[in-house]
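A short write-up of the structure that comes next.
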Amino acid sequence: MGTEGVSVLAPLERRAPLIDPGSLAGAASLRLPGRLESVRSARTFTRDTLAFWRLTEQFDSVGLVVSELVTNALRHGAEPHSPRPGDSPVELELLCSSRRLVCAVHDRSAGEPRVNEAGFSDEGGRGLQLVECFSDGWGWRARGSGLLGKVVWASFRLG
């Protein structure tokens, strides 16, 4: 597991910081190739990380949200760009404090994520609706520091 997950700790979308850097208890990150099979890798990484942090009871909600965020990043944020060898178009970060868990997904698209009003019979378009339902909040921001793309995050209260 990587430990370079501090980049998302900047105030996100001009809201209050989700995790105070001084209270960070754990951080893990995973770079993902631009293939839909990466969603499974993200879920496995999330399951293993939550088990290591002794937060297995959180996996159902967190795993679903991670799946949706990574799927959206792969579908809408990774396709227009052909990364250099060894360069990953999507990165997943998991950040944990005593009171909050944050999942953040970085991609290369500057496009604003939108909640679609998918109808009952529509097969797609419900990803961010699920993120809204299963997390305590979500948002996004530009990556900054001259990096192309954005970070979409979801937050979960612990305890």
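Keep in mind that this is a model prediction, so the values were computed, not measured.
- Counting only heavy atoms from C-beta outward, the side chains of Asn72 and Val152 never approach each other to under 4.5 Å.
- Counting heavy atoms from C-beta on, the side chains of Val131 and Leu64 never come closer than 4.5 Å.
- Side-chain atoms of Arg43 and Phe59, non-hydrogen and from C-beta on, do get closer than 4.5 Å to each other.
- The environment of CZ in Phe134 is sparse: at most 12 heavy-atom neighbours from other residues, nucleotides or ligands sit within 6.0 Å.
- Panel note: side chain Thr44, backbone Arg40; a donor-acceptor pair is recorded below 3.5 Å.
- Separation of atoms CH2 (Trp153) and CH2 (Trp138) is listed at 9.0 Å; rounding is to 0.5 Å.
- When every heavy atom of Gln58 is checked against every heavy atom of Leu50, the shortest pair comes out as C-CD1, 4.2 Å.
- Taking 4.5 Å as the limit, every side-chain heavy atom of Ser97 sits out of range of all side-chain heavy atoms of Leu24.
- Taking each heavy atom of Leu74 and Arg35 in turn, the nearest pair found is CD1-O, 3.3 Å.
- Using a distance-only test at 3.5 Å, with no hydrogens or angles considered, no donor-acceptor pair links the side chain of Thr46 to the main chain of Gly63.
- To the nearest 0.5 Å, the span separating CZ on Arg75 from CG on Leu36 amounts to 6.0 Å.
- Residues Ala28 and Phe45 come closest through the heavy atom pair CB-CZ, 3.6 Å.
- Between Leu55 and Cys96, the shortest heavy-atom contact is CD1-SG, 3.7 Å.
- Rounding to the nearest 0.5 Å gives a distance of 3.5 Å between NE2 of His106 and CD of Glu93.
- Between Leu30 and Ser41, the closest heavy-atom pair is CD2-O, 3.9 Å.
- Counting heavy atoms from C-beta on, the side chains of Ser38 and Val90 never come closer than 4.5 Å.
- Taking both residues in full, the closest heavy atoms of Ala154 and Val65 are given as CB-CG1, 3.6 Å, listed atom of the first, atom of the second, then distance.
- Just one of Thr49, Val62, Asp136 meets the side-chain contact (heavy atoms from CB on, under 4.5 Å) condition when paired with Leu101; it is Val62.
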Show the numbers, then the answer: is there a side chain to side chain contact (heavy atoms under 4.5 Å, CB included) between Leu94 and Trp53?
-> CA-CA 11 Å; Leu94 301 173; Trp53 291 341; 3.9 Å; yes

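- The main-chain N or O of Glu112 is never found under 3.5 Å from a side-chain atom of Lys150 such that the two would form a donor-acceptor pair.
- Residue Asp107 holds its CG atom at 9.0 Å from CG of Leu148, rounded to the nearest 0.5 Å.
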